[in-house]
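Let me begin by presenting the structure, written as structure tokens, before commenting on it.
Lettering of chains follows the sequences in order, A, B, ..., and the numbering in each one begins at 1.
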Amino acid sequence: MTMRDRLRAGVGAALREAGVSEAAEFSVERPRRASLGDWSSNAALTCASSAGTAPRRLAEQIAASMRADPPAHVEAVEVAGPGFVNFRLAPSWLHEVLTEVVSATSDGYARSDVGAGRTVSVEFVSANPTGPLHAGHGRWAVYGDAVCRLLERGGYRVLREFYVNDRGGQIDRFAASLEQARSDSDSSESGGYRGDYIAEWAAEMPADADVRQWGLRRARHDQTETLDAMGVTFDLYTSEAELVARGAMDDILEELHRRGVVYKLDGALLLRSSDFGDAEDRVVVKSNGEPTYFLPDIAYHHEKFGRGDTVIDVLGADHHSYVPRMRAALAALGLDIDAYEARVGQVVNLRRGGESVRMGKRSGGMVLMSDLLDSVGADITRLVYLLQSIDTTLSIDLDALSAQSSENPVYYLQYAHARIRSLGRQAAARGVERVPLAEADLSVLCGERELDVLRTLADLPDITLSAMQARAPHQITAWARNHAATFHRFWHDCPILSSETDENLRQARLWLVEAARTGLAVALDILGVSAPERLAPVDEPAAEAASSR
RNA sequence: GCCCUCGUAGCUCAGUGGAUAGAGCAUCGGUCUCCUAAACCGUGUGCGCAGGUUCGAUUCCUGCCGGGGGCACCA
């Protein structure tokens, strides 16, 4: 039973004792400021009106009743502010947290079963197979993957999905560009693809190759390689061409007809999407008889509903208008629209020095994801993308990124982990052994530095749950930075192997850092950043850090 | 014009329907005979503007201003 559960039960009982029959929703939280106590409840505030009592007075009643029979570890119950009930706890509650973290290990701590094994289909990246991934795709690759990791920790089964738009006009243009680059390296057709890779790929292409097929394979291979390098793998790639070939698109078209949600106009077939919340009706079959991208896309989403209890699309703001359209199509098919969720994130703005670098395959001049990975590595790349909310425009200055890579926040986190691992090696070298946890006297951990570390650890399960529900992995990044800070402060002030440290305290601190390391490892795992055994000192040539992701 | 999104410290960003809004960077100044100083400590007049809902709004709603994105029988 967690501390929160105990307090919640206590407050609930106190409310009943105070004669509040219909208790409103109330929270039990860690207050922002430590001076207000270890835990706090707003129950008196939210229940006051239905109880017909003044908040402060109800709070006093709750406090009095809880003082009479306090939950474990509770030392003081106070009423403060407009009617908060605050709890001060003995450090023993944090020692309990330590034990909990260590026994759960990084695999089990901050894990929940809210997903109860339900399946979530998460589609992300889905870059067109017409070129390499650029730095803009990277944001969705890393974000999508981190969201999946959060969902997995929350007890969901996750399907990482990638949709390949390997048919249609863009592919025609891509093939034409390759063809032309092969025959004529000079001019390039307007509207075609102009990135440097076109010429390079054209040069690689065997003379007898089917340009279209070869180009698609080349692009997909390139993208997969880059994704692998950043630790992102997919469970399911769905080819639009194959989907059409096996009749899924025709089936959906038939279904749309049967439901009477399409109509002919000027030779084209339109979906009545405006009847389902979209701004206007959308063309699904062009007047030339060709389907738009939209039709197979509807078929694809229909399939995703078949394998996921929840279907999530991760897309950039440049595609946000697609959301009401897809939502309308799914509603038109009679699917449960609440199970569909689109996460729209802002674009990535790249700068080199002061100048902004334009993105887009057709304009050329893009920053390749593979180049970024080569220059700063996967860990920095991932953390940079996970530093802030996807609601903000992410600005990456490439020059600053490489120049300041040694000051990157990722090292702040990894160094904390490496320090603890280093301690283990030092301890072994000095013949210091850690006694079993059950034999350690944790009650000696009572300094503020020590308790602060445990307090942040206690928060991790809540943060993880919240980050998962909000699909906001940057909350984990923020927690990790805060946790690393409390750890570094502790480390600075609390020697462990020093001969001046009492043996009991040393043992307790050895377990404290193991708990701190475990929590950090959980966060790094969710972020997909490696938790290294050591970091190369900054002055020496970068040694390869042993890593366990 | 319409739609989406953002506006918090010099800069980059966290944050919350509540009780005194936080980090990092930058600046300046301190810490290694001591478990890696990629660390630690000190240094701060800020929620774009105006209404509304609420016991309480930086947070929710509306309008305005400003930045970004989108409004194809492209994907």
Original post:
Looking at B/C73, does its base get a donor-acceptor pair with the side chain of A/Ser287 below 3.5 Å?
Top reply: yes

**OP:** Record whether the side chain of A/Ser40 comes under 3.5 Å of the base of B/A19 through a donor-acceptor pair of N or O atoms.
**Re:** yes

Subject >> Contact pattern, 5' to 3', of nucleotides 39-45 of chain B - B, S or - by protein heavy atom under 4.0 Å >> reply: SSS----

**OP:** Could you list all the ring pair (Phe, Tyr, Trp, His ring centres under 6.0 Å) pairs where at least one residue sits in residues 491-511 of chain A, not counting sequence neighbours?
**Re:** A/Phe487-A/Trp491

Original post:
Which whole number of Å gives the distance between the P atom of B/U5 and that of B/G46?
Top reply: 29 Å

Original post:
Glycosidic conformation of B/C32, syn or anti, with 90° from 0 as the boundary?
Top reply: syn

Original post:
Would you say the ring centroid of A/Phe294 lies under 6.0 angstrom from that of A/Tyr322?
Top reply: no

**OP:** Determine the interatomic distance between C1' on B/U58 and the same-named atom on B/A39; round to the nearest Å.
**Re:** 34 Å

Subject >> Contact list for residues 462-474 of chain A, test salt bridge (Lys or Arg N to Asp or Glu O under 4.0 Å), sequence neighbours left out >> reply: A/Arg4-A/Asp462, A/Glu341-A/Arg471

Original post:
Taking the C1' atom of each, how far is B/G48 from B/G67, in whole Å?
Top reply: 11 Å

**OP:** Let me have a per-nucleotide readout for nucleotides 4-10 of chain B, 5' to 3', with B, S or -, counting only protein heavy atoms under 4.0 Å.
**Re:** SSS----

Subject >> With A/Arg56 via side-chain hydrogen bond (donor to acceptor under 3.5 Å, both in side chains) - residues at least two apart >> reply: none

**OP:** Convert the base pairs of RNA chain B into dot-bracket notation, remembering that pairs crossing earlier ones are written with [ ] and that bases paired across to another strand are shown as |; include only Watson-Crick or G-U pairs under 3.5 Å.
**Re:** (((((((..((((....[...))))..((((.......)))).....(((((..]....))))))))))))....

